[in-house]
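Just below is one structure, and these are the notes that go with it.
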Amino acid sequence: MAGRVGPPASGSGRVEPRWGRYHADQTDRSGGKAENLVFHGRLEHMRIAVVSDGEGGGRLRELGSGSGPHGGLWQVSDLAGAISDYQGYAGGSIRWIWAATDDLYPALMEHSLRIPRCHDIALVESLLLAYHGRFGEARSLGAAWARLHGRDVPPDPVSRAGEGADPQPTLFEPDRSAIPAGVDRLDALIEVHADQQRRIAELPHPGRFALLASVESAGALAAVEMSHSGVPWRADIHDAVLTEHLGARPPSGMRPPVLAELAGRISEEFGRRVNPDSPTQLLKAFSAIGHPVPSTRSWVIKQVDHPVVPLLLRYKELSRLHSAHGWTWLENWVSRGRFRPDYVVGGVVSGRWATRGGGALQIPKAIRKAVVADPEWTLIAADAGQLEPRVLAAVSGDDALAAAAGGDDLYAPLARSFGGDRQRAKVAVLSALYGQTGGDAAPLLRTMRRDYPSALAYVDSAAQAGEEGGLVRSWLGRTCPQPSQMWRRLVLDGTGGGPSRDGGRSARERGRFTRNFVVQATAAEWALVFMAAVRRGLAELGSTYGTPQMVFFQHDELVLHVPRPVADSAVAVLYAAAEEARTLMFGDISVRFPLEVAVVDCYADA
DNA sequence: ATTCGCTGCCAC
DNA sequence: AAACGTGGCAGCGAAT
């Protein structure tokens, strides 16, 4: 086994063990089992801590198991080469420990290097802080190290803005870990990692949280990979769609012909010059023609009976297309046939991803025509249908809802309680998830509460905790932000005979938030577990035709771009991954998470 | 000239 | 007017 430890320093010449190894007898340290530790029932992999020097090189060190000594320390001038060698040597069974995926992985991808697993210190620190009611505190490696040593905690470096379609050539990011001068970054990384492992082990459900840390980190890898691959995007089709709806492309800053004409006709109908983009002007204009409206929202305007209304609604629709996904967007975000959004993993409190620029999570249906697979390739869109109510069934243990979630249409059984009205059943379920009480929700909720009492009790309890200022958690342990000082003053410190009106409103708002959080956050982590499994499955699939890729991820939907000959295999990977996510998270339950899979040339057909 | 809150619409 | 959660983003227009 001695030969199984350490990178293959010979041959490539890329690895330069300048400092040699700290532990001459390290090969005896683990009985040869270092790479196959079983941790909380799951297979753990050899862990190697890595820091970059910002100039293409860096340092690495194998971590021992538990309290065992660490392995060799390496300083290399070609970090990507060293990591590649290590992975070739260890058969990919390595989990790389690093300060922040965003700082290291883009440069590795430039070297066509794919990392199977990592532990992202900043992301895990963020999860751990939130768990203990410290959401939002600095989470960089430097911040974590400073907290560990009682030093002043440096603020997180400001994240760079999205770079658009033509990002700068990628180098390893300069040191953004905020480690104080004089402190060895690799030592700090190893120390903070051990501390995080310890903090996770102390939690009530360490296995669940370890899974969360693992898939959050896997998500960070996938996000970088997806930005790198990009969504296949036909600019010519996009341009044709825009021209069809808006007319020929205008000089920049001008209204397209169709919008200009609509604006003119709207002004004529009002009998005055009105900029339809200005809510203020529209409100005045509606008053002037004897149809005062409280707002200019589409659904409000629709109630008004006047010939200007259809023109205005049409204008709003097309204006949205032009401003949000028009020619300017196309130039800024699409290049060389790919749309490259910049994902922010964990950017949403519930654990969903956000994006920075490009609006990737709001690609309107009209524009999806432009998403077309390359020749000889195909798109595979997989959507987890009714994910949130199914998650509620799983976490609440409501037998009736779980039975409903054992079928393809979760709403069908409840619909029978509404005389077969499926739409009302759907509104009832979503009202329970969102805390809706107004409109027609109240009577629907009564039926929901009667049929699924445990499910309602679960979200009601989360709402109550939120209203009282408490924390709620997802199934794996992602924790909602603590209430702000302002909120506490308003709600909890109310003087006299009870909370003020503002306090009551704030309390109910937070209640709706925490009610939804326990479900949305768990749905998000189901999606992360699913994605991590898909990612691994695709890597194992391989292909002589080209590498199957994940290219788009949006809350409960994943889009793959794969060579046609491997499409069937990729679909099988998707189904297996959904099943794996279900059992990894919830074990043996009757709730199913059916996947709607569409193999299509064009995303609009999914 | 720049910043920032608001409005309104898009996605899930 | 309605009383539903998480977000991004463009345009407006007042504040700076």
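Note on naming: letters A, B, ... go to the chains in the order of the sequence lines (proteins, then strands), and numbering restarts at 1 for each one.
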- Check every strand shown and say whether A:Arg510 touches a base, only sugar-phosphate, or nothing at a heavy-atom separation below 4.0 Å. nothing
- Message: For a 4.5 angstrom cut-off between non-hydrogen side-chain atoms, does A:Val258 reach A:His245?
- Response: no
- Query: Which part of the nucleic acid does A:Thr296 contact within heavy-atom distance under 4.0 Å: base, sugar-phosphate only, or nothing?
  - Reply: sugar-phosphate
- Are any of the side-chain heavy atoms of A:Glu216 and A:Ser126 separated by less than 4.5 Å? no
- Find the distance A:Asp383:CG to B:dC12:C1' and express it as a whole number of Å. 9 Å
- Using atom C1' of each nucleotide, how far apart are B:dG5 and C:dA3 to the nearest Å? 22 Å
- Whole-Å distance between B:dA11 C1' and A:Ile367 CD1? 14 Å
- Query: Between residues 298-315 of chain A and DNA chain C, which residues have a heavy-atom gap below 4.0 Å?
  - Reply: A:Trp299
- Taking B:dG8, C:dG5, B:dA11 as options, the one with an atom nearest any side-chain atom of A:Ser295 is B:dG8
- Note on the structure: Here the distance between atom P of B:dC12 and atom CD of A:Gln554, to the nearest Å, is 5 Å
- Message: Side chains of A:Thr479 and A:Arg473: any donor to acceptor distance under 3.5 Å?
- Response: yes
- Starting at CG of A:Leu318 and ending at C1' of B:dG8, how long is that distance when rounded to a whole Å? 16 Å
- Nearest whole angstrom, please: distance from the C1' of B:dC12 to the CD of A:Gln386. 14 Å
Throw together a table of side-chain donor-acceptor distances under 3.5 angstrom for residues 306-317 of chain A, partners on residues two or more places apart or in other chains.
{"from": "A:His306", "atom 1": "ND1", "to": "A:Val308", "atom 2": "N", "distance (Å)": "3.0"}
{"from": "A:Tyr315", "atom 1": "OH", "to": "A:Arg255", "atom 2": "NE", "distance (Å)": "2.9"}
{"from": "A:Tyr315", "atom 1": "OH", "to": "A:Arg255", "atom 2": "NH2", "distance (Å)": "3.3"}
{"from": "A:Tyr315", "atom 1": "OH", "to": "A:Asp277", "atom 2": "OD1", "distance (Å)": "3.2"}
{"from": "A:Tyr315", "atom 1": "OH", "to": "A:Asp277", "atom 2": "OD2", "distance (Å)": "3.0"}
{"from": "A:Lys316", "atom 1": "NZ", "to": "A:Thr296", "atom 2": "O", "distance (Å)": "3.0"}

- Check whether any side-chain nitrogen or oxygen of A:Lys316 sits under 4.0 Å from OP1 or OP2 of B:dC9, and answer yes or no. yes
- Query: Rounding to a whole Å, what distance do you find between A:His291:NE2 and C:dA1:C1'?
  - Reply: 18 Å
- Message: Each nucleotide in nucleotides 6-16 of chain C should get exactly one letter: B, S or -. Can you fill that in based on protein heavy atoms under 4.0 Å?
- Response: BBBSSSSS---
- Query: Among all residues two or more places apart in sequence or in another chain, which pass the side chain to side chain donor-acceptor pair (under 3.5 Å) test with A:Glu261?
  - Reply: none
- Task: For B:dT7 versus C:dA1, give the span between their P atoms, rounded off to a whole number of Å.
- Result: 16 Å
- Pairwise side-chain contact, A:Arg368 with A:Ile363, heavy-atom cut-off 4.5 Å (strictly under): yes
Per-pair distances, 0.1 Å, donor-acceptor, side chain in residues 279-295 of chain A, under 3.5 Å, sequence neighbours excluded:
{"from": "A:Gln281", "atom 1": "OE1", "to": "A:Asn275", "atom 2": "N", "distance (Å)": "2.8"}
{"from": "A:Ser295", "atom 1": "OG", "to": "A:Arg297", "atom 2": "N", "distance (Å)": "3.3"}
{"from": "A:Ser295", "atom 1": "OG", "to": "A:Arg297", "atom 2": "NH1", "distance (Å)": "3.4"}

- Query: Quick one: does A:Tyr411's side chain get under 4.5 Å of A:Leu430's, heavy atoms only?
  - Reply: yes
- Item | Salt bridge A:Arg249-A:Glu331, side-chain N to carboxylate O under 4.0 Å | yes
For residues 512-533 of chain A, please give each side-chain donor-acceptor pair under 3.5 Å, one per line with the distance, not counting sequence neighbours.
{"from": "A:Thr514", "atom 1": "OG1", "to": "A:Ala462", "atom 2": "O", "distance (Å)": "2.8"}
{"from": "A:Thr514", "atom 1": "OG1", "to": "A:Arg510", "atom 2": "O", "distance (Å)": "3.1"}
{"from": "A:Thr514", "atom 1": "OG1", "to": "A:Gly511", "atom 2": "O", "distance (Å)": "3.2"}
{"from": "A:Arg515", "atom 1": "NH1", "to": "A:Ala432", "atom 2": "O", "distance (Å)": "3.3"}
{"from": "A:Arg515", "atom 1": "NH1", "to": "A:Asp460", "atom 2": "OD1", "distance (Å)": "3.1"}
{"from": "A:Arg515", "atom 1": "NH2", "to": "A:Asp460", "atom 2": "OD1", "distance (Å)": "3.0"}
{"from": "A:Asn516", "atom 1": "OD1", "to": "A:Gln520", "atom 2": "NE2", "distance (Å)": "3.0"}
{"from": "A:Asn516", "atom 1": "ND2", "to": "A:Leu433", "atom 2": "O", "distance (Å)": "3.3"}
{"from": "A:Gln520", "atom 1": "OE1", "to": "A:Ser350", "atom 2": "OG", "distance (Å)": "2.5"}
{"from": "A:Thr522", "atom 1": "OG1", "to": "A:Trp475", "atom 2": "N", "distance (Å)": "3.1"}
{"from": "A:Thr522", "atom 1": "OG1", "to": "A:Val518", "atom 2": "O", "distance (Å)": "2.7"}
{"from": "A:Glu525", "atom 1": "OE1", "to": "A:Ser474", "atom 2": "OG", "distance (Å)": "2.9"}
{"from": "A:Glu525", "atom 1": "OE2", "to": "A:Ser474", "atom 2": "OG", "distance (Å)": "3.0"}
{"from": "A:Glu525", "atom 1": "OE2", "to": "A:Trp475", "atom 2": "N", "distance (Å)": "3.3"}
{"from": "A:Glu525", "atom 1": "OE2", "to": "A:Leu476", "atom 2": "N", "distance (Å)": "2.7"}

- Note on the structure: Atom NE2 of A:His325 and atom P of B:dC10 are separated, to the nearest Å, by 12 Å
- Query: How many Å lie between CZ on A:Arg297 and P on C:dA3, as a whole number?
  - Reply: 12 Å
- Query: When we call it a touch if two heavy atoms are under 4.0 Å apart, what does A:Ile363 touch: a base, just sugar-phosphate, or nothing?
  - Reply: sugar-phosphate
